[in-house]
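In what follows, chains are A, B, ... by sequence order, proteins preceding strands, each numbered from 1.
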There are 2 protein chains.
Amino acid sequence: MIKIDPNDGTPIYLQIVRQIKYMIASGAIREDDELPPVRVLAQQLVINPNTVAKAYRELEFQGLIYTRPGAGTYVAKRRILFSDEERLRIIQEKIESLIVEAQNLNFTLEELAKIFNERLTKIYKQQTEEKGNERD
Amino acid sequence: MIKIDPNDGTPIYLQIVRQIKYMIASGAIREDDELPPVRVLAQQLVINPNTVAKAYRELEFQGLIYTRPGAGTYVAKRRILFSDEERLRIIQEKIESLIVEAQNLNFTLEELAKIFNERLTKIYKQQTEEKGNERD
DNA sequence: TAAACTGTATTACAATTATAGTACAGTAGT
DNA sequence: ACTACTGTACTATAATTGTAATACAGTTTA
């Protein structure tokens, strides 16, 4: 499931953070689902358990998971850890960074808008489909 | 102009890279404009010239600036360094990351689309204004 | 209660980052 | 030619960061 790319450049623990954030955002794992124990995931990825622990610590800090020491690590309830101002600031910063990157890659604003909105539409359809299939 | 935040977490040389990329994308500096000499910028920011040099090296690698050793460092001509596939891959990855972040901050897709398109519209207006004012 | 699991803390080591100093080579203007 | 500027290269050093190995403490389950 989670994969490490040694040539990625970004630290291993951040690669884990990114992928788990993606799994949470996409609904692949949900509230109170248990994450693999640090030793299990570490063995799968052939890395040190501490590296996984560091990733979990970071995710806990961001409020996406919670750990019960001795018991396990679980996906946290969707909740608001930041003020509206802070949330808006974070997302606007990300948007700004995306636009800068796009411009420096010679995308026009129109092209960027098109690619972005297409992706959003696709996800939106996926999510409404899933809503309709909720039978568990 | 360029500012270093010691509490930013990201390395100084990357903070410089990010800010210069922004200045290029926003049109604050343009083709063949000269960047401050490494020693000058280093003195302004109270850092080592080597750190600035490292930032310039990174920007040159990304094709955004060019250096004429002995002469100075300049903003490069907008050109395509990557294949269309590569450009698309990079920008789609950034978009994906933005959407994940937004979802984990409890923004709906609609909210994200709204914030994003508002920002894009604002920039678009700025740029068309500048086009109209080009008198240099 | 005992065994097998969980995350955590401590320590050590390697890689990266930042700084500093020095020297070098190319360019520009006088 | 000379001077003052440019970026570059190199070495060394310190601090931070990322990873690893080991031991520890709490929880679960039988």
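- For residues 42-99 of chain B, the pairs satisfying ring-ring contact (aromatic ring centres under 6.0 Å, His included) are B:Tyr66-B:Tyr74, with sequence neighbours left out.
- Shown here is B:Glu60, whose CD atom has more than 12 heavy atoms of other residues, nucleotides or ligands within 6.0 Å.
- The ring-ring contact (aromatic ring centres under 6.0 Å, His included) contacts involving residues 17-36 of chain A comprise nothing, where partners must be two or more places apart or lie in separate chains.
- Remark on DNA chain D: of its neighbouring residues B:Val40 and B:Asn50, the 5'-side contact belongs to B:Val40, judged by nearest-heavy-atom nucleotide.
- Atoms CG and CD, from B:Leu105 and A:Glu86 in turn, are 9.0 Å apart once rounded to the nearest 0.5 Å.
- Residues of residues 51-69 of chain A that place a heavy atom closer than 4.0 Å to DNA chain C, in numerical order, are A:Thr67, A:Pro69.
- Using a 4.0 Å cut-off between charged side-chain N and carboxylate O, B:Lys125 and B:Glu129 make no salt bridge.
- In terms of position on DNA chain D, the residue among A:Ala71 and A:Val46 whose nearest nucleotide sits closer to the 5' end is A:Val46.
- Rounded to an integer number of Å, the gap from B:Arg39 CZ to D:dG7 C1' is 7 Å.
- Taking a heavy-atom distance under 4.0 Å as the criterion, the stretch of DNA chain C touched by chain B extends 5' to 3' from C:dT17 to C:dA28.
- Taken over five-pair windows at either terminus, the axes of the helix from C:dT1-D:dA30 to C:dT30-D:dA1 are inclined to one another by 30° (rounded to 10 degrees).
- Atom CD1 in A:Ile47 sits about 14 Å away from atom P in D:dG18, given to the nearest Å.
- Listed by residue number, the members of residues 5-19 of chain A with any heavy atom below 4.0 angstrom from DNA chain D are A:Pro11, A:Ile12, A:Tyr13.
- Rounded to whole angstrom, the span from the CG atom of A:Asn48 across to the P atom of D:dT22 amounts to 10 Å.
- Contacts of A:Glu31 classified as salt bridge (Lys or Arg N to Asp or Glu O under 4.0 Å), with partners at least two apart in sequence or in another chain: A:Lys77.
- Using modelled atom types, one finds a donor on one side chain and an acceptor on the other under 3.5 Å when comparing B:Gln62 with B:Glu58.
- Among residues at least two apart or in separate chains, ring-ring contact (aromatic ring centres under 6.0 Å, His included) pairs with a member in residues 94-130 of chain B are A:Phe116-B:Phe116.
- B:Glu101 is linked by a salt bridge (Lys or Arg N to Asp or Glu O under 4.0 Å) to A:Lys21, counting only residues two or more places apart in sequence or in another chain.
- Counting Ile, Leu, Val, Met, Phe, Trp and Tyr side chains that sit under 4.5 Å apart, directly or through other members, B:Tyr13 shares a hydrophobic cluster with B:Leu14.
- B:Arg18 is linked by a salt bridge (Lys or Arg N to Asp or Glu O under 4.0 Å) to B:Asp8, counting only residues two or more places apart in sequence or in another chain.
- In this view, A:Asp84 and A:Arg87 satisfy the side chain to side chain contact (heavy atoms under 4.5 Å, CB included) rule, not counting sequence neighbours.
- Under the side chain to side chain contact (heavy atoms under 4.5 Å, CB included) rule, B:Val75 has a single partner from B:Ile29, B:Ile20, B:Asp32, B:Leu64, which is B:Ile29.
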